[in-house]
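None of these values were measured; they are calculated from a predicted model.
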Number of protein chains: 2
Amino acid sequence: MLLTKETYSSQVARIIRQMIRDGELQQGAPVKEAVLAARLSISRAPIREALQELTYEGLVTSEPQKGKRVRQLSDDDILNSYDVGAILEAAGVVDSLGDWSEGDMLRLRAVVDDMHNAAQTATDLSSMMNLDDLFHATLLQRCNNSRLVEMARLSCITISKVLCYKKWLTIFSPEGFAKRHQSIAEVVCAKNIRKVETMLRQHYREIGERVVAR
Amino acid sequence: MLLTKETYSSQVARIIRQMIRDGELQQGAPVKEAVLAARLSISRAPIREALQELTYEGLVTSEPQKGKRVRQLSDDDILNSYDVGAILEAAGVVDSLGDWSEGDMLRLRAVVDDMHNAAQTATDLSSMMNLDDLFHATLLQRCNNSRLVEMARLSCITISKVLCYKKWLTIFSPEGFAKRHQSIAEVVCAKNIRKVETMLRQHYREIGERVVAR
DNA sequence: TAATTGTTGGATGTCGACATTATGCAAAAT
DNA sequence: ATTTTGCATAATGTCGACATCCAACAATTA
């Protein structure tokens with residue numbers, strides 16, 4: 001057993017992310033260090049580090065000497081984030097598609113199958129979100145540009161699935177969601193480069209627009 | 001006159017960036033908080049915040065409880081960074097090229113002219129680097145995705161022009177550098193979308209390879 | 001009354017000190 | 001001789017307190 005002696009800062013960052021995701025800290029609301037410190041019974045130092053981390057992730061905005069707030073995403077912010085995510089993911093897939101083996105394609109199709117199953121059993125919707133993460137990670141399974149993978153994740157996954165968590169859960173029907181990803185998987189497995197690019201861009205654009213519409 | 005009461009942290013971040021760029025802090029070298037604190041005659045707190053900022057910029061690596069070091073870029077890191085920068089910049093230009101006015105094109109050509117002039121007078125090479133920054137910023141002058149612009153900058157400008165500063169100054173002859181950018185400008189002004197994309201990707205790839213070759 | 005000027009409370013930025021952890025070396029054991 | 005054990009040192013992580021700054025309200029003036 002590997003017991004983790006994690007630093008306070010990173011634990012706090014995770015806790016605050018959860019608080020934002022669950023609506024305990026609402027968008028635009030001020031985030032006061034002393035309040036969090038008291039609540040977690042620790043000093044302000046690790047809180048500040050965690051908030052700085054979240055600031056660089058884009059979940060929190062910071063004005064020196066004035067304070068930090070949970071980021072309030074404008075419609076353009078949301079669309080822009082999804083666009084950047086789409087651009088990077090599409091490029092990553094297209095550039096690495098030549099290296100895909102049969103096994104790689106099977107793996108992608110398996111994720112789609114899981115989505116269909118989840119759409120049937122469908123106890124909670126968050127499992128669908130996990131499958132979505134897995135799907136997009138699988139799309140980049142052969143991408144050897146780790147920086148691209150990281151930035152794609154940072155760009156849309158982090159922001160949209162923390163700040164827009166509740167909206168996210170309602171933008172598609174489970175079946176529709178599975179079908180959309182199946183279409184993408186088919187085009188990818190057919191190695192139709194041109195179509196992969198346009199489909200992914202459109203896929204993200206549509207998600208962005210639906211999130212904005214709420 | 002607007003006098004700026006800047007926080008220590010951000011000033012320190014800028015100072016450390018300079019130290020890295022100028023080789024005072026070498027790649028892979030440990031960065032000790034106490035040393036910097038003593039040198040700047042301030043406490044460790046602002047130093048820590050600055051180092052965290054640089055960590056998120058990718059200039060510094062951090063291992064909890066072990067310390068921070070100036071990032072040592074592998075060849076792949078460099079190539080990956082430039083690839084991501086190229087992907088984003090190309091997409092940003094292509095998506096916004098329809099909005100370009102005559103004035104926008106004149107502005108881009110003016111930068112190229114300045115490059116040619118600088119190649120003649122050529123007192124110091126760092127002015128060429130500033131023109132390079134300006135050129136690529138001008139390419140994205142009509143891109144309304146601020147997030148894309150920011151991430152493109154973060155991806156390659158920051159890393160390459162801080163960590164690879166000295167190599168960067170020697171990878172092209174001033175004339176060759178100006179000519180390359182002129183070619184790009186011409187294709188952009190012709191609004192040849194397909195070619196813009198391939199040229200930019202190739203441009204960055206070539207820079208990356210030359211930097212690696214040193 | 002409206003605008004300007006103290007003033008007060010609260011939050012952030014910074015500090016110095018302590019607690020904890022990692023690394024290297026020396027001593028002891030097999 | 002090699003490995004293990006146990007310090008000693010130095011660096012980071014965390015703490016509590018102070019200094020500084022911002023925002024809102026009260027007091028003053030025109």
Side-chain angles (χ1 to χ4, degrees), chain A residues 1-20 24-72 163, chain B residues 1-20 24-72 163:
Chain A
M1 162 182 177
L2 177 59
L3 51 96
T4 148
K5 218 172 328 181
E6 213 180 353
T7 191
Y8 278 8
S9 311
S10 57
Q11 298 183 58
V12 172
R14 202 176 327 125
I15 290 174
I16 299 179
R17 262 188 288 263
Q18 267 181 294
M19 293 172 71
I20 295 175
E24 193 169 350
L25 285 173
Q26 298 202 356
Q27 292 200 28
V31 182
K32 289 170 197 168
E33 300 169 358
V35 174
L36 288 170
R39 170 159 175 175
L40 300 175
S41 304
I42 60 177
S43 83
R44 279 174 49 218
I47 306 282
R48 278 178 70 83
E49 294 198 4
L51 287 177
Q52 200 185 348
E53 179 176 337
L54 298 182
T55 299
Y56 280 98
E57 282 181 15
L59 298 177
V60 165
T61 61
S62 172
E63 282 182 282
Q65 298 288 17
K66 298 188 70 176
K68 298 183 172 51
R69 294 172 171 275
V70 179
R71 180 165 178 192
Q72 188 138 30
L163 283 174
Chain B
M1 166 183 177
L2 176 60
L3 49 95
T4 148
K5 219 172 329 179
E6 213 182 354
T7 189
Y8 278 8
S9 312
S10 57
Q11 297 183 58
V12 172
R14 203 177 326 127
I15 291 175
I16 300 179
R17 261 189 289 264
Q18 267 181 293
M19 293 172 69
I20 295 175
E24 194 168 350
L25 284 173
Q26 298 202 357
Q27 291 200 27
V31 181
K32 289 168 197 168
E33 300 169 358
V35 174
L36 289 170
R39 169 159 175 173
L40 301 175
S41 304
I42 59 177
S43 81
R44 279 174 48 218
I47 306 282
R48 279 178 69 83
E49 294 196 4
L51 287 177
Q52 200 184 347
E53 179 176 336
L54 298 181
T55 299
Y56 279 98
E57 282 182 15
L59 297 177
V60 165
T61 61
S62 171
E63 283 183 281
Q65 298 288 16
K66 296 189 72 176
K68 298 182 171 55
R69 294 172 172 275
V70 179
R71 182 164 175 190
Q72 188 137 33
L163 283 174

Would you find a donor on one side and an acceptor on the other, under 3.5 Å apart, between the side chain of Glu33(A) and the backbone of Ile47(A)? no
How does protein contact run along nucleotides 9-14 of chain C, one letter per nucleotide 5' to 3', with B for base contact, S for sugar-phosphate only, - for none, heavy atoms under 4.0 Å? --SBBB
Flag, side chain of Gln27(A) to backbone of Leu163(A), donor-acceptor distance under 3.5 Å: yes
Is Gln52(B) reaching over with its side chain to a backbone N or O of Glu49(A), donor-acceptor style, under 3.5 angstrom? yes
Heavy atoms of Ala50(B) and Ala13(B) approach each other most closely as CB-N, 3.6 Å
Decide yes or no for Arg17(A) and Leu54(A): does some side-chain heavy atom of the first lie under 4.5 Å from some side-chain heavy atom of the second? yes
